[in-house]
Amino acid sequence: MSFVPGLGIVKGMALTLRRFFEPKVTVMYPEVRLDVPHKFRGRLQLLYDEWGTLKCETCFQCAQACPIECIDMGGIDTRGRYHVHWGAAETYGERREESALRRSGRVVPDPAYLPFAPVDLAQVDAILDEHDHDPARMLDILEATQAAYGYLPVAALKRISHETGAWYAMIYGTASYYAHLRFEPAASAEQAKAVDEHRPAESTYLAALDAALDGGGRPGAPARA
Amino acid sequence: MPRWTGAGAPALRRGPDMTEILKTPARWPTILLGRARAKDPRDLDEAVAAGAFAGLRRAIRDLGPTAVIATIADSGLRGRGGAGFPAGEKWRTAASTDADRRYVVANGYGADPASHTDRTLMLLDPFSVIEGTAIAAYAIGANEAFIAVRAEDADVIASLSAAIGAATDAGFVGEDVSGSGHDIHMTVRPVQGAYMLGEETVLLKALEGKRGQPEQRPPHPAESGLFDRPTLVHNVQTLAAVPWIVSEGASAFRATGTTGSPGTVLVQVRTPGGENGVAEVPLGTPLREVLGLGGELPAGRSIKAVLIGGPSGGLLPPDALDTPYDFEPLRAAGAHLGSGSVVVVDDRTDLLELVGVLTRFCSNEACGKSIPCRIGVKRLAEIVARREDGLLRPVDMELATDLATDIVASALCDHERLATLPLTSGMRYFGSDFDPARRPQPASTEAPR
Ligand SMILES: Cc1cc2nc3c(=O)[nH]c(=O)nc-3n(C[C@H](O)[C@H](O)[C@H](O)COP(=O)(O)O)c2cc1C
Ligand code: SF4
Ligand code: FES
């Protein structure tokens, strides 16, 4: 095709104009529902609410739904617990740390990158052997890994992903869901024990319920073991 | 995780962590807790002498899979997990869907931390759950069955593992069950880490080692569940009723409860200053009688409301006490069976605080998959908190009503359909407690949250 100067822009503007005058449709969700693909999460845009809080809840549904893992995100999860990260780790800490190293010749002392630090993989390899490298036994593998390292190091998760064939994003999604799994070493042994022994959400709820009912129900009743 | 077999099992600890069994009228039949008074619930010989595994034997020798399913359908047994779906229909679907493998999953997770009904059943009569699960597996043609329980509940895990070990040694589960040529491998699967694990599709996700978020239904698990195979998921109480039905017959089961919902359920009754224990109650019993099991309120106090169904339960007023404890009537009144918990709320309780506690728990435990649930329920909890602090905005109560309607309408799983109940039932029956004008505005000039 011969080159016509400005044709591209005219085509583009024609589309813009056409869209501009097309009738707009507002679907009154949830009364009316469009047929949308199973994994549809709406248009991805990070919006702020009227108080200036980011509306994204860091639920990772968008990243988990993306079949080629092209969505990365990082932040603090909604319960303020973890520095979360999703997607290829080299997009974040590892690569930046590496290039910073290359440029300055020294390690960047940023604790946010600690989870990416290499660990001795012998233990996770043993755990994987014991579980037949079976992705269907992921929870057992993750629990055993946490028991071995005290937390779930990213390097171990990547090894698990490599060895079981499960996507890193799926493993991360599993690990970040369950309250008893953690990505950072516990502050102290007592804290780890306290969290392991009792699910904080439940004891808080039971205490609040007892308080709301004026504690009348069961004096000194033990919480569920 | 320790796995005990019959002989070496540690003795069952009775005492503070064993929930009390409430006394019920003698005329009420015991279908689920019939053997609960056994000296050692894990002693297979004692249980067999009291009738355990008679149902399984009858199912295999006299009935065969098709007749077992027909019996369960005739009995009108409905799911005890909360929704009350007819069991027979699920069994038919699971048995008739083409597949190379099928599974049975007994849901003993007991999501509501304040209700110990399922736990009590599994501790006091583990064999009824095991036998029911085995019959279900035999009927639908499943070779693998899982009993999912809380990983933090060592007593239940020990009790069930020991009982499965004993039943395997006796040939009631395992290879070639009771000479039927059918293998049923049964395992206890401890899971933990989220309230939502009680929901069936979430539980299946956990058993597959995945993130625990519900799936769109249909397809129901009975068609495509664990590892995409037909999977029968039942509450442990539903399964524990199965052996009784198979050995006593469907019409005997129909003699208890109501025409629409035959049989009994376990209820956790809690009365302030009175009892907090588990009782077996025929479906359709008036609420008043259920409350009666918990004893009297201390002098000078009166009932203000009844909270039925656990954290996402509904608040009913004292004049609704004639409502039958049954699936549809409770739904119509604005509550639901849920976790089987019935809590008497006396006049010292601030309903708003109670609703706040419940809504916050529901919001915190939302899995995050569906946006109306994740954000909508959180906003409801915020509205209740603003109301508690006296910082309500003029449109807030109206907003709460609208929001609740939208959350229910766009729900993905039952959690979000139900999470609005404490607030909506509270506003429906106890409007004046929720009236913004009733609470004084605080002196503080803090900006609204
Ligand atoms: C938020 C939520 C929590 C639930 N928790 C439980 C539970 O703890 N135990 C249970 O048996 N069913 C629970 N269910 C109901 C299950 O999804 C499912 O309906 C049930 O296990 C099916 O068994 P059934 O047919 O015997 O009722 C829950 C449902 C929801 C939505
Ligand atoms: S993480 Fe969740 S809330 Fe945030 S943009 Fe993705 S889908 Fe939306
Ligand atoms: S709890 Fe998961 S969508 Fe509501």
Side-chain angles (χ1 to χ4, degrees), chain A residues 29-31 33 38 41-42 49 51 55 57-61 64 78-79 134-143 164 166 170-181 196-199 201-206 208-225, chain B residues 16-17 110 113-114 116 119 150-155 191-195 197 205-213 216 227 270-276 298 301 307 311 343-346 348-350 353-354 356-358 360-361 364-365 367-369 371-372 374-375 378 406 409-411 449:
Chain A
Y29 186 84
E31 287 83 18
R33 291 155 190 248
H38 174 64
R41 296 279 169 259
D49 68 12
W51 294 284
K55 276 184 167 176
E57 303 259 328
T58 350
C59 74
F60 289 132
Q61 283 296 299
Q64 202 181 345
T78 35
R79 294 180 197 170
D134 183 356
R137 294 166 69 181
M138 191 56 74
L139 267 177
D140 295 337
I141 297 177
L142 293 175
E143 281 164 8
T164 58
M170 296 300 273
I171 299 176
Y172 192 87
T174 300
S176 57
Y177 176 78
Y178 296 94
H180 62 297
L181 299 175
D196 286 348
E197 269 179 5
H198 214 87
R199 297 185 42 214
E202 285 201 342
S203 30
T204 312
Y205 166 69
L206 286 175
L209 189 66
D210 284 348
L213 297 168
D214 212 351
R218 32 177 201 171
R224 190 203 294 262
Chain B
D17 44 327
H116 294 181
R119 168 175 205 267
R150 279 171 175 258
E152 58 272 37
D153 205 334
D155 288 348
V191 290
Q192 62 178 323
Y195 167 78
L197 286 172
K205 285 284 179 65
L207 295 181
E208 292 175 355
K210 293 187 180 151
R211 188 177 172 90
Q213 290 179 321
Q216 202 110 40
F227 303 114
R270 169 178 180 162
T271 311
E275 306 282 351
N276 182 15
R301 297 197 212 150
L307 170 67
V343 177
V344 179
V345 180
D346 74 11
R348 296 166 312 164
T349 308
D350 181 354
E353 182 189 346
L354 180 61
V357 169
L358 301 171
R360 266 191 293 278
F361 180 76
N364 285 342
E365 293 296 334
C367 76
K369 183 165 184 174
I371 293 155
R374 185 177 71 231
I375 300 175
K378 197 177 200 167
D406 281 354
S410 49
R449 280 198 273 179

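- In this structure, chain A has heavy atoms under 4.5 Å from both the backbone and the side chain of B/Ala206.
- A/Arg33 and B/Ser410 form no side-chain donor-acceptor contact under 3.5 Å, judged by distance and modelled atom types alone.
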Take B/Arg270 and A/Asp210 through the salt bridge (charged side-chain N to carboxylate O under 4.0 Å, His left out) test and state the conclusion after the steps. CA-CA 11 Å; B/Arg270 169 178 180 162; A/Asp210 284 348; 2.7 Å; yes
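- Heavy-atom distances place the side chain of B/Val343, and not its backbone, under 4.5 Å from chain A.
- Neither the backbone nor the side chain of B/Pro298 comes within contact range of chain A; no heavy atom of the residue lies under 4.5 Å from a heavy atom of that chain.
- Ring pair B/Tyr195/B/Phe361: centre-to-centre distance below 6.0 Å.
- No side-chain donor from either of A/His180 and B/Glu152 sits under 3.5 Å from a side-chain acceptor of the other.
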